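Values in this document were obtained by computation on a predicted structure and should not be read as measured data. Each chain gets a letter, A, B and so on, in the order its sequence line appears, and its residues count up from 1.
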Protein chains: 2
Amino acid sequence: MATGRTHRPATRSRGIPEATVARLPLYLRALTALSERSVPTVSSEELAAAAGVNSAKLRKDFSYLGSYGTRGVGYDVEYLVYQISRELGLTQDWPVAIVGIGNLGAALANYGGFASRGFRVAALIDADPAMAGTPVAGIAVQHTDDLDRIISENGVSIGVITTPPGAAQQVCDRLVAAGVTSILNFAPTVLSVPDGVDVRKVDLSIELQILAFHEQRKAGEEAAADGRAPVDTDADEAPPMRATPTGRKGPDGDMPAVMPA
Amino acid sequence: MATGRTHRPATRSRGIPEATVARLPLYLRALTALSERSVPTVSSEELAAAAGVNSAKLRKDFSYLGSYGTRGVGYDVEYLVYQISRELGLTQDWPVAIVGIGNLGAALANYGGFASRGFRVAALIDADPAMAGTPVAGIAVQHTDDLDRIISENGVSIGVITTPPGAAQQVCDRLVAAGVTSILNFAPTVLSVPDGVDVRKVDLSIELQILAFHEQRKAGEEAAADGRAPVDTDADEAPPMRATPTGRKGPDGDMPAVMPA
DNA sequence: ATGTCTTTGTGAACGCGTGCACAAAGATGG
DNA sequence: CCATCTTTGTGCACGCGTTCACAAAGACAT
């Protein structure tokens, strides 16, 4: 019970936990699928299964948005699609600019999932002059020199960075200077941005490394279960000769032990 | 995060928290950069800044791996690179198969970050017979029919799915049946997998929607600060006529008037 | 109405992750 | 050897997120 106040969650984007926000798109996708199948209502149990989450969690998530369900029945699909869309800000148009039109940038430009929900690829930007004018996914690539103007003229507030890592921070700075306040970073770089700017990163190599960790652990457990010698996964087998703090070993010769105190 | 039912009630395995594992690749990247600059040691403060995290958090993370630092000095870069690499399982070779060679799949195949650390693109698989044999990133695409054999012969345990959403679950099932136990899913689908299989997803559209949410919130606050009428971000303005079950086609045509306001 | 049945919404407990703050450990200099 | 200085490693407290379990709300049948 929302403390008896109205069923309206008092303007609270503030009150919506980040973890919940991250799941809303998941619910929305499942609901959209139901909507296309003309399913009128859905229970928390069913929807949770479709979204791959716990039903109690789903109900709590929805409770942050308000009381949109009916006890004994479930949730009205269309109504919920609308409420979540509105909460996520998908009822308005979001022009997006992609900077760095290499393999990945081009792939994203062609990606259908973009236009589907409020997002529109408004500009493609690349530093290579040779690419200027070349159409990618039906949109002419523009040169980085015009980045500022392009962002302003199109009212872009969300930028996608798909440049090589070395250029990412610079591009980021320029985007922010031009007025972008949300960045989706595909470059394997830690971006630093001023307060008020949101950055989310998508990092293939990090994801793979996390999978490798679990994969290795599984292999080790399996070996142990087989009764064989477990994979040596944590002993200090042949470390690269833990460098003595003072004297560095061989190759680097007389590297002065620099290390700004 | 992983979507499947991969919930492990804290295996006694390694006491390394999931959150820490997710940051290790970040530290590793920063350390590798330092290593290339021949920096011998680094303090938790410096490294934390480079990785974009809190220094106390970094120290605690490292403490799960062991005591690899030297008080008063810091951490030996080379030694730490080795320890983290080993912990993540990057000292061994991980053959990876990419299924679905469209724009995105091809872009990933060409992505350099792959080979860099233990990962090797061992096979490209696509359902389109016309693509079979076509070289992408120097590797000939093979047909889905041979998926099982390809996975087995190459000892692939990590699969990357870049197919259209409709094919993702089926491809996933086949990968798992063939022996894959870790999946990186780029398709906008919730994959269900048996226990013991890890799934991580990369979802462009979800990331954008999360950014849109915050963007909308920022716009609302800004408007409020300007003294203008705040963006209506939560009132029940013009809902799609809450569940007016008016003539919903379907088996149950009668459709009671549910969902009162 | 009354009773039964279904499903929501949420109080409460728990566990994980984060950040502070500090003692311990080691380096360094006299 | 002792004093001082730097930086690690961690005990502790706090807050967020998850999950359980259940009372309340409403649908539906009689």
A.B. asks: Answer with yes or no whether A/Lys60 presents, from its side chain, a donor or acceptor under 3.5 Å of a partner atom in the base of D/dT18.
C.D. replies: no
A.B. asks: Identify the pairs formed between an N or O of the protein and an N or O of nucleotides 1-3 of chain C at a distance under 3.5 Å, and give each distance.
C.D. replies:
none

A.B. asks: Expressed in angstrom and rounded to an integer, what is the separation of B/Tyr27 atom OH from D/dT8 atom C1'?
C.D. replies: 15 Å
A.B. asks: Which residues pass the ring pair (Phe, Tyr, Trp, His ring centres under 6.0 Å) test with B/Phe62, not counting sequence neighbours?
C.D. replies: B/Tyr27, B/Tyr75
A.B. asks: Could you state the atom-to-atom distance from CD of B/Glu45 to P of D/dT6 in whole Å?
C.D. replies: 14 Å
A.B. asks: What's the CZ-C1' distance between A/Phe62 and D/dT19, to the nearest Å?
C.D. replies: 17 Å
A.B. asks: Atom pairs under 3.5 Å, N or O on each side, protein against nucleotides 4-7 of chain C: can you list them with distances?
C.D. replies:
| unit_1 | atom_1 | unit_2 | atom_2 | d |
| --- | --- | --- | --- | --- |
| C/dT7 | O4' | A/Gly72 | N | 3.0 |

A.B. asks: Expressed as a whole number of angstroms, how long is the span from A/Lys57:NZ to C/dA12:C1'?
C.D. replies: 18 Å
A.B. asks: Which pairs, with at least one residue in residues 23-35 of chain B and sequence neighbours excluded, count as a salt bridge (charged side-chain N to carboxylate O under 4.0 Å, His left out)?
C.D. replies: A/Asp203-B/Arg29, B/Arg23-B/Asp61
A.B. asks: Without decimals, in angstroms, what is the distance between A/Tyr68 OH and C/dG9 P?
C.D. replies: 11 Å
A.B. asks: Where each residue is assigned the nucleotide of DNA chain D containing its nearest heavy atom, which of A/Asn54 and A/Ala19 is assigned the position nearer the 5′ end?
C.D. replies: A/Ala19
A.B. asks: Mind checking side-chain hydrogen bond (donor to acceptor under 3.5 Å, both in side chains) for A/Glu18 and listing every partner two or more places apart, or none if nothing turns up?
C.D. replies: B/His214
A.B. asks: Any side-chain heavy-atom pair from A/Val176 and A/Thr181 closer than 4.5 angstrom?
C.D. replies: no
A.B. asks: Give the rounded distance in Å between these two atoms: CG of A/Leu58 and P of C/dG9.
C.D. replies: 10 Å
A.B. asks: Return the set of residues passing side chain to side chain contact (heavy atoms under 4.5 Å, CB included) with B/Val202 (not counting sequence neighbours), or none when no residue passes.
C.D. replies: A/Val202, A/Glu207, B/Leu184, B/Phe186
A.B. asks: Under the rule for side chain to side chain contact (heavy atoms under 4.5 Å, CB included), what residues qualify as partners of B/Ala56, not counting sequence neighbours?
C.D. replies: B/Asn54, B/Arg59
A.B. asks: Do the side-chain N and O atoms of A/Ser205 and A/Gln209 include a donor-acceptor pair separated by under 3.5 angstrom?
C.D. replies: yes
A.B. asks: List the residues meeting side-chain hydrogen bond (donor to acceptor under 3.5 Å, both in side chains) with B/Ser35, not counting sequence neighbours, and say none if there are none.
C.D. replies: B/Glu78
A.B. asks: Give every residue pair that meets the side-chain hydrogen bond (donor to acceptor under 3.5 Å, both in side chains) criterion with at least one member in residues 183-193 of chain A, sequence neighbours excluded.
C.D. replies: none
A.B. asks: Calculate the interatomic distance between B/Asp61 atom CG and D/dT10 atom P; express it in whole Å.
C.D. replies: 13 Å
A.B. asks: Reckon A/Glu18 touches a base, only the sugar-phosphate, or nothing at all at heavy-atom distances under 4.0 Å?
C.D. replies: sugar-phosphate
A.B. asks: CG of A/Asp76 versus P of C/dT8: gap in Å, rounded?
C.D. replies: 13 Å
